[in-house]
Amino acid sequence: MSTLGMMMTAGMVAGSGAALIVVGAHRSQPRLADALAQLDGQQPAPTADIPDSKLERAAGWIHHTLRLPVSKTQHQILLMSDRSVADFFAEKLVLVTLGLLAPALWVVLQLIAFGTASTAPLAVSPILAIGGYFLADYRLAHSATRVRKATSQAVHTFFDLVALERLANASGTQAVTTASAISAAPLFRRISLGLERCRLEQTTPWRELRDIAQEWDIPELADLADVMRLEEQGAALAETLQARVRELREAHLTAERTRAQNDTEALTIWMTLPALLLGLAFIIPPLLMLTLM
C-alpha cells in the first residue's frame with residue numbers, strides 16, 4: 001500500500017469516528033405531545049408530520065426550499081405507510097448521496113489496493129444520483145399494492161369493531177372512539193387523532209371521518225360516516241351497520257377471488273413451458289435425422 005493510500009485510509013477512519021461521536025452526543029428534543037402522554041400514563045403515538053431526526057429535517061428543508069413535487073397518490077401511500085414526506089425525501093437524499101459517492105469510493109479503493117486508479121467511474125456519479133432519486137419513487141410505487149391491501153383490511157376491521165360496539169348499546173360517537181383506540185395501525189391512529197380533535201372542538205365526528213376518507217381515498221369510511229349520521233334522526237344503526245359490513249366483506253372476498261384468478265391465469269404460461277420443452281426434446285432429434293438424410 002502506498003503512502004497516499006495509507007493517509008487516505010487514516011483520514012477516512014478519523015472522519016468516520018468524529019461523525020459517530022457527533023451523532024452519539026446529540027440529544028433530540030422530546031415532543032410536548034409525547035411528554036403529556038407519558039404524564040397521563042398513555043403510550044405516545046408517533047406523528048408522521050414531525051421530523052424525528054436531523055436527516056429528516058434536512059430532507060424536509062430541501063423539499064420546501066427546492067419545492068420538489070410529491071403527487072397526491074404518493075402522499076396517500078405515505079399516509080397509509082405511516083411515513084412523512086420528510087422521511088420520504090430523507091430516503092431520496094440517502095440514495096442520491098450513495099449514487100454520488102459510490103464511484104468515488106471505488107476509485108479510493110482502487111488507489112488503496114493498487115496505488116493507481118482511473119477517474120473514469122466518476123463520470124457515472126450524476127447518472128447514479130439521478131437513478132437514486134427516482135429509485136425511491138419506484139420503491140414507494142412498488143409498495144402501493146401491499147399498503148392499500150393492509151389499509152382495506154384495517155377499514156373492514158374498523159367496521160366490525162364499530163358494529164360490535166353498537167350491539168353493546170354504545171352511542172355512535174362512543175362506538176367509533178372505542179374502536180379507533182383498539183389498534184395501533186396508521187388508519188386507526190389517524191381516526192383516533194381526528195376524533196380527539198372533534199371532542200376538543202365539541203363537534204360531531206362524522207365530518208372528520210369524511211375528511212379522512214377523502215384524504216386517504218377510502219370511500220367506505222365516508223359510507224360509515226353517512227350511516228352513523230342517521231343516529232341523529234333516530235334510526236336503528238345496528239342492523240344498518242351489519243348490512244354494510246356484510247356488503248363490504250362480500251365485495252372484499254370477490255376482489256380477492258378475482259385477483260387470485262388473475263394470478264392463476266398468469267401462471268398458466270409458465271406451467272406449459274416444461275411440457276413444451278419436453279415435446280421439443282422428443283420432436284427435434286427425428287427432425288434432425290430427416291434433415292441429414
Side-chain angles (χ1 to χ4, degrees), residues 45-49 51-52 56 59-60 63 68-96 98-99 128 130-163 179-180 182-194 208-225 244-273:
T47 304
D49 298 331
D52 292 330
E56 291 186 12
H63 165 59
L68 300 175
V70 178
S71 65
K72 181 180 179 181
T73 304
Q74 289 179 334
H75 188 65
Q76 290 176 351
I77 298 174
L78 289 174
L79 288 175
M80 296 176 183
S81 305
D82 198 18
R83 296 180 58 189
S84 62
V85 177
D87 178 65
F88 177 56
F89 277 93
E91 180 183 0
K92 284 178 173 288
L93 181 60
V94 170
L95 293 176
V96 169
L98 288 177
L128 292 179
I130 296 174
Y133 181 86
F134 291 103
L135 179 60
D137 296 330
Y138 170 77
R139 285 166 52 86
L140 185 65
H142 186 67
S143 65
T145 303
R146 174 183 55 82
V147 171
R148 291 188 182 278
K149 183 178 180 181
T151 304
S152 177
Q153 294 175 353
V155 171
H156 299 154
T157 304
F158 181 71
F159 267 59
D160 290 332
L161 293 174
V162 173
S180 63
I182 290 178
S183 175
L187 178 62
F188 280 72
R189 290 209 305 270
R190 175 64 181 89
I191 294 175
S192 181
L193 291 175
E208 181 68 21
L209 290 179
R210 293 188 63 86
D211 293 340
I212 296 174
Q214 183 178 3
E215 179 184 1
W216 287 55
D217 192 17
I218 306 176
E220 296 89 350
L221 197 59
D223 294 342
L224 174 65
R244 183 55 180 157
V245 169
R246 192 180 304 110
E247 291 176 1
L248 286 176
R249 190 180 295 111
E250 292 176 355
H252 179 69
L253 182 60
T254 302
E256 289 295 323
R257 287 177 176 174
T258 303
R259 185 180 63 84
Q261 182 67 25
N262 294 334
D263 293 342
T264 303
E265 293 177 355
L267 292 175
T268 303
I269 185 173
W270 302 108
M271 296 170 62
T272 58
L273 283 179

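Because the structure is a prediction, the values reported are computed rather than measured.
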Distance-minimising heavy-atom pair for Ile77 and Val147:
O-CG1, 4.2 Å

Within-4.5 Å side-chain heavy-atom neighbours: Leu224 and Glu220
no

Answer yes or no: is there a donor N or O on one side and an acceptor on the other, between the side chain of Thr157 and the main chain of Gln153, under 3.5 Å?
yes

Go through the steps for Glu208 and Arg190 under the test salt bridge (charged side-chain N to carboxylate O under 4.0 Å, His left out), then give the verdict.
CA-CA 10 Å; Glu208 181 68 21; Arg190 175 64 181 89; 3.3 Å; yes

Got Tyr133 and Leu68 here, is their nearest side-chain heavy-atom distance under 4.5 Å?
yes

Taking all non-hydrogen atoms of both residues, which atom of His75 and which atom of Val70 are closest, and how far apart?
N-CG1, 4.1 Å

For a 4.5 angstrom cut-off between non-hydrogen side-chain atoms, does Ile218 reach Phe158?
no

Between Ser192 (side chain only) and Phe188 (backbone N and O only), is there a donor and an acceptor less than 3.5 Å apart?
no

Write down the atom of Met80, the atom of Pro186, and the distance for their closest heavy-atom approach.
O-CG, 3.7 Å

Shortest non-hydrogen contact from Ala59 toward Ala86:
CB-O, 3.6 Å

Taking the side chain as every heavy atom from C-beta outward, state whether Leu221 and Trp216 have any pair of such atoms under 4.5 Å apart.
no

I need the minimum non-hydrogen distance between Ile212 and Ile191, along with the two atoms involved.
CD1-CA, 3.8 Å

Gln214, CD atom: more than 12 neighbouring heavy atoms under 6.0 Å:
no

Using side-chain heavy atoms (C-beta onward) and a distance below 4.5 Å, is Leu140 in contact with Glu91?
no

Give a yes or no on whether the backbone of Arg83 and the side-chain of Ser81 come within a donor-acceptor separation of less than 3.5 Å.
no

Taking it one step at a time, do Asp137 and Lys92 satisfy side chain to side chain contact (heavy atoms under 4.5 Å, CB included)?
CA-CA 8 Å; Asp137 296 330; Lys92 284 178 173 288; 2.8 Å; yes

Minimal heavy-atom distance between Glu215 and Gln76, with the atoms involved, is O-CG, 3.4 Å

